[in-house]
2 protein chains.
Amino acid sequence: MTGQSQELLTKPCAHDYKVNCGNCRLNSICLPLALERDDVEQLDEIVQRSKPIQKGRFLYHEGDEFQSVFAVRSGALKAFRTTDSGREQVTGFYFPGEILGMDGISNNLHASSAQALETTAVCEIPFNSLEKLSALMPSLQRHFFQIMSREITEDQQLITLLSKNSAEERVAALILSISSRNARRKLSATRFRLPMSRIDIGNYLGLTVETVSRVFSRMQKLEFLQVNNKEIEIKDIEGIRSLADIG
Amino acid sequence: MTGQSQELLTKPCAHDYKVNCGNCRLNSICLPLALERDDVEQLDEIVQRSKPIQKGRFLYHEGDEFQSVFAVRSGALKAFRTTDSGREQVTGFYFPGEILGMDGISNNLHASSAQALETTAVCEIPFNSLEKLSALMPSLQRHFFQIMSREITEDQQLITLLSKNSAEERVAALILSISSRNARRKLSATRFRLPMSRIDIGNYLGLTVETVSRVFSRMQKLEFLQVNNKEIEIKDIEGIRSLADIG
DNA sequence: GAAAAACCTTGATGTGTATCAAGGGGGCAT
DNA sequence: ATGCCCCCTTGATACACATCAAGGTTTTTC
C-alpha cells in the first residue's frame with residue numbers, strides 16, 4: 001500500500017552486491033567500525049557478497065557445518081532453533097548492519113537456523129579468515145569480541161523480558177528496540193514496516209498470536225500506535241516507553 | 001548434614017590460590033583447554049589468583065568498569081542484572097571451571113553483577129592481557145571465541161525454556177544442567193548440593209518461590225527426586241528427562 | 001484474475017502459575 | 001545454647017494469558 005522500504009531506494013549498498021566495505025553506508029555499525037583505511041581493505045578482501053536471497057529462504061540451517069558469520073546488508077532475517085518436541089523458538093531478528101551466526105562458533109555447527117523475512121542481501125565472512133585477520137589486527141579482534149558480547153547482553157535482556165514482563169511490556173520493548181535500531185541506520189524511528197509476522201513476534205516474545213494482536217489493538221486504542229497491518233506508526237513514544245518499563 | 005562439598009577435599013586447586021594453570025585439575029574445562037605446555041605457562045602468567053571471597057560478597061557490580069573475566073576455581077556464583085524498576089533477574093549460575101564476566105566486553109562496563117553463593121575462589125584474567133595473548137596464540141583466540149559462543153547458545157536455551165516450557169519442565173531442565181555440569185567436573189551426577197536458594201532458582205527460571213517449591217514436592221512424590229533442603233538426590237534421571245522435554 | 005492458503009483480529013472460555021496467607025525449620029550471631 | 005531472621009513449604013484464591021472458535025483480510029499460487 002505505502003511505498004517500498006526506503007532501504008531499496010538508497011544509492012550505495014542495499015541489494016547491490018558490488019559494493020565494498022569501504023563505501024558501504026552500514027560500515028559504521030557493522031564490522032569495519034574503528035578500522036583504519038588499509039585494515040578495511042583487508043577485511044574487504046575476505047568478505048564474500050552474493051546475490052540476495054528470497055523471502056522464506058534459509059541462510060543456514062540448525063546443525064549445518066559452521067563456516068561463516070554473516071552481516072545483513074539489506075532486508076531482514078529471523079533466527080530460530082527447534083526444540084526436541086518440534087516447537088520453534090525465534091531467538092532474534094537481524095536488520096542491516098547486524099551480524100548473525102556467532103552461535104555456531106562453539107561447536108562448529110550452527111545452533112540455530114536463519115531465514116529471510118523478505119528479500120535479503122548479506123555479506124558472508126568466513127570465520128577462518130576472520131580469525132586469522134583478527135590475530136593481525138587488534139582493533140578487529142576487539143571489535144568482534146564486542147559484537148559477541150553485545151549478543152550476550154541482548155540475549156540477557158530478552159531473558160529478563162520473558163521472565164519478568166507482561167505481554168504489554170514485551171511488545172512495547174520490541175517496538176522500541178526496532179525503532180532505535182532503525183534510528184541507528186538513519187531511518188525513521190517512528191514509522192516503519194515490521195518485516196516479521198505476528199506469529200514470529202509472538203514466538204519471539206513467548207506469547208500467542210492472539211495476545212500480540214490484542215496488545216496492538218489496545219495500544220492503538222490508547223493512541224500510542226497506529227497499526228495498519230505490518231506498517232507501524234508510533235504516535236506517542238513516551239507512552240510506549242511507560243508501558244515498556246525498560247527505559 | 002552430609003559432608004562438605006567434595007571440592008573442598010580434593011588436593012590441587014579448590015580454594016588453594018597457589019595452584020597454577022598447569023596443575024589445576026579444572027584446566028580441561030577452563031581456558032587452557034587444548035593449549036600446548038608453553039602456551040599454558042604464558043596464560044598462567046597473566047592469571048591472577050586471589051584469596052576466596054565469602055558467601056554474599058560481590059565479584060563485581062553491574063556498571064563497574066570492565067577489566068577482567070573470571071574463571072571459577074571453587075564454590076559457585078550467580079550473575080544477575082537489575083531492571084529499571086528495581087527487580088532482579090538472575091542470568092546464570094557459575095560453577096568451577098566456568099568463565100563469567102564476558103557480558104562486560106561490549107561496553108567496557110559489567111552488564112551484570114556477580115555474587116558468591118558460597119565461599120568462592122576465582123582466577124582473574126585481565127582482558128587486555130588476554131586479548132594480546134590471543135593475538136599471539138591462535139588456539140587461545142579460538143577457544144575464547146568458543147567460550148563466548150557457548151554463553152550465547154546457553155542464553156538461547158534459557159530463552160527457549162522461559163518462552164515455551166512449563167514450570168515442571170524448567171525445573172527439570174535446571175536439575176539436569178547442574179547434574180551434567182557436575183559430571184563434567186568428575187563429581188556425582190546424581191547427588192549434589194544446590195548452592196543457590198529457591199528464590200534464586202525461581203528468579204532464574206521465571207517462577208515464584210512457591211512454584212519452585214511445589215515442583216520439587218511433586219517430583220519427590222513421583223520418586224524422581226529426593227529433596228532434603230539444598231541436598232538433592234536424583235532417583236530417576238530418565239523420569240526427569242521425560243519431564244524436561246529438552247533432551 | 002480466481003482460488004487457495006496463510007495471516008490477522010476479536011470474542012468466549014479455561015488453566016497454570018502468581019498472589020495472598022500462614023506456619024515450620026535451619027542457620028547465623030551473640 | 002537461644003533468639004532472630006530468612007528461607008522453605010503448603011493451602012486457598014485470583015488473574016493474565018492460553019486455548020478454542022469463527023470470520024475477515026492479505027498474500028501466494030496457478
Side-chain angles (χ1 to χ4, degrees), chain A residues 1-2 4-5 54-57 78 87-90 115-119 161-172 193-221 225-232 243 245, chain B residues 1-2 4-5 54-57 78 85 87-90 115-119 161-172 174 193-221 225-232 243 245:
Chain A
M1 283 296 154
T2 61
Q4 288 293 314
S5 159
Q54 292 305 115
K55 175 173 176 172
R57 289 304 180 84
K78 69 170 173 179
R87 284 174 295 189
E88 286 182 6
Q89 173 65 43
V90 174
Q115 191 176 20
L117 295 168
E118 57 194 36
T119 303
L161 201 65
L162 292 172
S163 175
K164 299 271 182 294
N165 293 91
S166 68
E168 223 136 74
E169 291 165 336
R170 295 184 207 181
V171 173
R193 185 172 187 286
L194 297 174
M196 70 295 278
S197 69
R198 300 285 192 275
I199 297 172
D200 290 332
I201 293 175
N203 191 316
Y204 177 71
L205 295 175
L207 302 169
T208 57
V209 201
E210 294 93 327
T211 300
V212 173
S213 184
R214 277 187 255 267
V215 170
F216 273 126
S217 300
R218 257 178 276 157
M219 286 182 169
Q220 188 157 262
K221 209 160 283 168
L225 218 59
Q226 182 73 33
V227 185
N228 187 343
N229 205 359
K230 304 209 162 176
E231 298 291 335
I232 294 278
L243 288 185
D245 172 53
Chain B
M1 283 295 153
T2 59
Q4 288 293 312
S5 159
Q54 294 304 117
K55 175 175 176 172
R57 289 304 180 84
K78 68 170 173 179
S85 54
R87 285 174 294 189
E88 286 182 4
Q89 172 65 43
V90 174
Q115 189 176 21
L117 295 167
E118 56 195 38
T119 303
L161 202 64
L162 292 172
S163 174
K164 300 271 181 294
N165 293 90
S166 68
E168 222 136 73
E169 290 165 337
R170 296 184 206 182
V171 174
L174 177 62
R193 186 173 185 283
L194 297 174
M196 71 294 280
S197 68
R198 299 285 192 273
I199 297 172
D200 289 332
I201 293 175
N203 191 315
Y204 177 70
L205 296 175
L207 302 169
T208 58
V209 201
E210 293 94 326
T211 300
V212 174
S213 184
R214 278 186 253 266
V215 171
F216 274 126
S217 299
R218 257 177 275 157
M219 285 182 171
Q220 188 157 273
K221 208 159 283 167
L225 219 57
Q226 182 75 30
V227 184
N228 189 343
N229 205 359
K230 304 209 162 178
E231 298 291 335
I232 293 280
L243 288 186
D245 172 53

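Per chain, numbering begins at 1; letters A, B, ... match sequence-line order.
Residue A/Gly56 is classed as having no contact, given no heavy-atom separation below 4.0 Å to the nucleic acid. If you check every strand for non-hydrogen atoms under 4.0 Å, A/Thr208 touches a base. Residue A/Gly202 is out of contact with every strand shown, counting any heavy-atom pair closer than 4.0 Å.
As a whole-Å value, the separation of B/Lys230 NZ from D/dC7 P is 8 Å. As rounded to whole Å, 16 Å separates atom C1' of C/dT17 from atom CG of A/Leu162. Nucleotide C/dT17 holds its P atom 10 Å from the CG atom of B/Asn165, rounded to whole Å. Taking atom CE on A/Met219 and atom P on C/dT9, their separation rounds to 13 Å, with Å as the unit. Protein atom CE of A/Met196 is 14 Å distant from nucleotide atom P of C/dC7, rounded to whole Å. C/dC8 atom P lies 8 Å from atom CG of A/Asp200, rounded to whole Å. Atom CG in B/Asn203 sits roughly 18 Å away from atom P in D/dC6 (whole-Å rounding). Residue B/Glu210 contributes atom CD, which lies 8 Å from atom P of C/dT19 at whole-angstrom precision.
Using modelled atom types, no side-chain atom of B/Arg57 and backbone atom of B/Ala116 make a donor-acceptor pair closer than 3.5 Å. Judged by distance alone, with hydrogens and angles left aside, the side-chain atoms of B/Glu169 form a donor-acceptor pair with the main-chain N or O of B/Ser166 at under 3.5 Å. Between the side chain of A/Asp200 and the main chain of A/Lys78, no donor-acceptor pair closer than 3.5 Å is present.
Annotation: of the two residues near DNA chain C, B/Lys55 and B/Leu207, the 5′-most nearest-nucleotide partner is B/Leu207.
With C/dG27, C/dC7, D/dT26 as the candidates, the nucleotide lying closest to the side chain of A/Asn229 is D/dT26. Set against D/dT10, C/dA12, C/dT9, the side chain of B/Ser213 has D/dT10 as its closest nucleotide. Here C/dT10 is the nucleotide among D/dC8, C/dT9, C/dT10 with the atom lying nearest to any side-chain atom of A/Ser217.
When the side-chain nitrogen and oxygen atoms of B/Ser166 are compared with OP1 and OP2 of C/dG16, none of them lie within a distance under 4.0 Å. Distances shorter than 4.0 Å separate some side-chain N or O of B/Arg198 from OP1 or OP2 on D/dT9. At the phosphate of D/dA18, OP1 or OP2 sits under 4.0 Å from a side-chain N or O atom of A/Thr211.
One N or O donor and one acceptor, one from the side chain of B/Arg214 and one from the base of D/dG11, sit under 3.5 Å apart.
A heavy-atom distance below 4.5 Å is not found between the side chains of B/Val215 and B/Arg170.
The distance from atom CG of B/Leu225 to atom CD1 of B/Ile232, rounded to the nearest 0.5 Å, is 5.0 Å.
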